[in-house]
Protein chains: 2
Amino acid sequence: MDTPSPKTRTRIQKQKRELILEAALEVFSQHGFRGSTIDQIAEAAGMSKPNLLYYFRNKEDIHHTLIQRLLDTWLAPLRELDAVGDPLTELRGYIRRKLEMARDFPRESRLFANEILQGAPRAMPMLEDELKTLVDEKAEVILGWMKAGRIARTDPRHLIFSIWATTQHYADFDVQVRAVLGPGRDGEGRFEDAARFLEQLFMDGLKPKG
Amino acid sequence: MDTPSPKTRTRIQKQKRELILEAALEVFSQHGFRGSTIDQIAEAAGMSKPNLLYYFRNKEDIHHTLIQRLLDTWLAPLRELDAVGDPLTELRGYIRRKLEMARDFPRESRLFANEILQGAPRAMPMLEDELKTLVDEKAEVILGWMKAGRIARTDPRHLIFSIWATTQHYADFDVQVRAVLGPGRDGEGRFEDAARFLEQLFMDGLKPKG
DNA sequence: GCATTTTTTGACCGAATGGACAAACGTTAG
DNA sequence: CTAACGTTTGTCCATTCGGTCAAAAAATGC
């Protein structure tokens, strides 16, 4: 039989697909698309390669499904940015949520980073649709705050970039961060240091207090 | 004959090795280590695979040579950070130099990003030696400025991370940046926007002016 | 219990890939 | 011219990898 279409999927099929996606996330995020093999994913999922290929048409299908699923999770923190709330509180909250995601979902972060680094061969349409739309919308919100004089006037889109960059850095460049900071103060301690630093950076910058 | 050792290398050998490294930078930065083939590199260098393997022992040898060479270039902007200069001017200068590197050497940036993302399997020793040493030294300089009350008190190492993250983002996540910003205002214009934004962020943060 | 459908597996295939090698080619010094 | 050395290439090989297939095994419906 062919790979079951979404409509006809039984509970067992859904479970197995989840199992495979979880294994694939582990493998893809560590080795990238080209560096990962179906065998590796199958082994991580505790099944044979042909069995895995019974649930997904091919390697690309797995990757595509993963990326598509994760985009929603990934953009959730930005979606929560509320035009009605207090601007500085909203932005602080956004930064913290993004940093929490880098801490709690580093594999997802690396999966995306890998995909973008390679020129987003498989994710480009999503970037141009969902991502761009959301950023446009939220940039407008931020611009409104700026025009109202409630936060400093600057480029809203570059502000969003800088929040992405600084927070995801702790997931994507984890080994470098660890190499530089050394063994002490890992995990939760590092997270709190980063959170404190980023809050200060985005709120007040580096100029000394008058 | 064996691959010539560094001592016995003729000018022609040096030239060919440079040619290969340039081609390898192009290929590795686009597809990562595992995603690149010796044939691709050989073709980009305008020679046959066996000929390329006459100048480098194997694929790993090329990659390792590349990374080792590039680390110096990559760290140069931080090396220039001068303890004697004016703190805010020095940091502004560092940010601008890093941003210029992201603009002028995006392939180098992506090569490193790829390596770190995969857990730095080939670069780890360099991170723990040269990189850590330099960061430790410069963190001490920055800490001195903070203690003297010349810039705001915060974590110097996380400050360095945030400068790396925000500047390299424009090289590593270029396609995403482009997808979000759309076609208008590319190249030099984008660079100036980013430079202006980052200067403001790092100097003053987001709080509105009194 | 039996027939039908779904799931799993072992064996297999073709293409791609990293690398080896010996033979051919080019260059240069005597 | 020729011997020696450096360079280049065609050919070949073993392995890996993505993917197929038919048949076995397990589950499901009657």
Side-chain angles (χ1 to χ4, degrees), chain A residues 1-28 30-67 114-115 118 121-122, chain B residues 1-24 26-28 30-67 114 118 121-122:
Chain A
M1 210 199 81
D2 248 359
T3 309
S5 59
K7 213 48 188 286
T8 350
R9 248 171 235 153
T10 72
R11 194 168 64 261
I12 293 180
Q13 283 168 345
K14 282 184 184 172
Q15 276 175 216
K16 291 276 175 153
R17 281 175 65 95
E18 291 308 314
L19 190 70
I20 292 168
L21 288 173
E22 157 66 26
L25 174 60
E26 185 71 26
V27 176
F28 279 142
Q30 254 178 67
H31 309 287
F33 182 78
R34 293 278 312 264
S36 304
T37 73
I38 300 184
D39 272 314
Q40 278 174 54
I41 299 171
E43 198 196 328
M47 63 180 71
S48 66
K49 179 167 67 169
N51 196 10
L52 183 151
L53 286 169
Y54 172 72
Y55 291 103
F56 286 91
R57 258 181 295 283
N58 51 39
K59 190 176 160 185
E60 188 131 353
D61 188 17
I62 308 174
H63 191 266
H64 187 260
T65 306
L66 255 187
I67 293 248
N114 251 311
E115 171 70 8
Q118 315 291 320
R122 282 165 281 273
Chain B
M1 210 201 83
D2 248 359
T3 308
S5 59
K7 214 46 187 286
T8 349
R9 248 171 236 155
T10 72
R11 195 168 62 262
I12 293 179
Q13 282 169 343
K14 283 182 183 173
Q15 277 173 215
K16 292 277 176 151
R17 281 175 64 95
E18 292 308 316
L19 190 70
I20 292 167
L21 289 174
E22 157 65 26
E26 185 70 27
V27 176
F28 279 142
Q30 254 179 66
H31 309 288
F33 182 78
R34 292 280 310 264
S36 305
T37 72
I38 300 184
D39 271 315
Q40 279 174 54
I41 299 171
E43 198 197 327
M47 63 179 70
S48 66
K49 180 168 67 169
N51 195 11
L52 183 151
L53 286 169
Y54 172 72
Y55 292 104
F56 286 91
R57 257 181 295 282
N58 52 38
K59 190 176 159 185
E60 187 131 355
D61 188 17
I62 308 173
H63 190 267
H64 186 260
T65 306
L66 255 187
I67 292 247
N114 250 312
Q118 316 290 321
R122 283 166 278 274

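Residue numbers begin at 1 in each chain, while the letters A, B, ... track the order of the sequences. What you see below is based on every heavy atom in this structure, not just the backbone, and it leaves out hydrogens, waters and symmetry mates. Everything numeric in this text was worked out from a predicted model, so none of it was measured.
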Query raised in the report: Just to confirm, is there a sub-4.0 Å distance from OP1 or OP2 of dT8(D) to any side-chain nitrogen or oxygen of Y54(B)?
Result: no
Query - Euclidean distance, atom OH of residue Y55(B) to atom C1' of dT9(D) [Å, nearest integer] - result: 13 Å
Report summary line: Across all chains, not counting sequence neighbours, the side chain to side chain donor-acceptor pair (under 3.5 Å) partners of E18(B) are R69(B)
Query raised in the report: Quick check: does any side chain N or O of K59(B) sit under 3.5 Å from a backbone N or O of S36(B), one acting as donor and the other as acceptor?
Result: yes
Report task. Using a cut-off of strictly less than 4.0 Å, decide whether Q13(A) has a side-chain nitrogen or oxygen near OP1 or OP2 of dT6(C). Result -> no
Please list, pair by pair, any protein nitrogen or oxygen found under 3.5 Å from a nitrogen or oxygen in nucleotides 19-24 of chain C.
| from | atom 1 | to | atom 2 | distance (Å) |
| --- | --- | --- | --- | --- |
| dG19(C) | OP2 | K59(B) | N | 3.0 |
| dG19(C) | N7 | K49(B) | NZ | 3.3 |
| dG19(C) | O6 | K49(B) | NZ | 3.3 |

Requested in this report: Figure out the CD/C1' separation between Q15(A) and dT6(C), and round it to whole Å.
Outcome: 15 Å
Query raised in the report: Which residue pairs pass the salt bridge (charged side-chain N to carboxylate O under 4.0 Å, His left out) test when at least one of the two sits in residues 31-56 of chain B, sequence neighbours left out?
Result: D39(B)-K49(B)
Requested in this report: Mind checking side chain to side chain donor-acceptor pair (under 3.5 Å) for H31(A) and listing every partner two or more places apart, or none if nothing turns up?
Outcome: none
Requested in this report: Check the angle between the aromatic planes of F33(B) and F28(B) and answer parallel, tilted or perpendicular using the 30° and 60° thresholds.
Outcome: parallel
Report task. Check the pair I67(B) / H63(B) against side-chain contact (heavy atoms from CB on, under 4.5 Å), numbers first and verdict last. Result -> CA-CA 6 Å; I67(B) 292 247; H63(B) 190 267; 3.7 Å; yes
**Report entry** Distance test, side-chain N/O of N51(B) to OP1/OP2 of dT9(D), below 4.0 Å
**Finding:** yes
Query raised in the report: With respect to the phosphate group of dG18(C), does any side-chain polar atom (N or O) of R34(B) fall under 4.0 Å of OP1 or OP2?
Result: no
Report summary line: Applying side chain to side chain donor-acceptor pair (under 3.5 Å) to E26(B) and not counting sequence neighbours gives Q30(B), R107(B)
Report task. Check for a donor-acceptor pair, side chain of N51(B) on one end and backbone N or O of M47(B) on the other, with a separation under 3.5 Å. Result -> no
Query raised in the report: To the nearest angstrom, how far is H31(A) atom NE2 from dC17(D) atom C1'?
Result: 15 Å
Report task. For DNA chain C, find the residues of residues 39-48 of chain B with a heavy-atom distance under 4.0 Å and give them by number; none if there aren't any. Result -> none
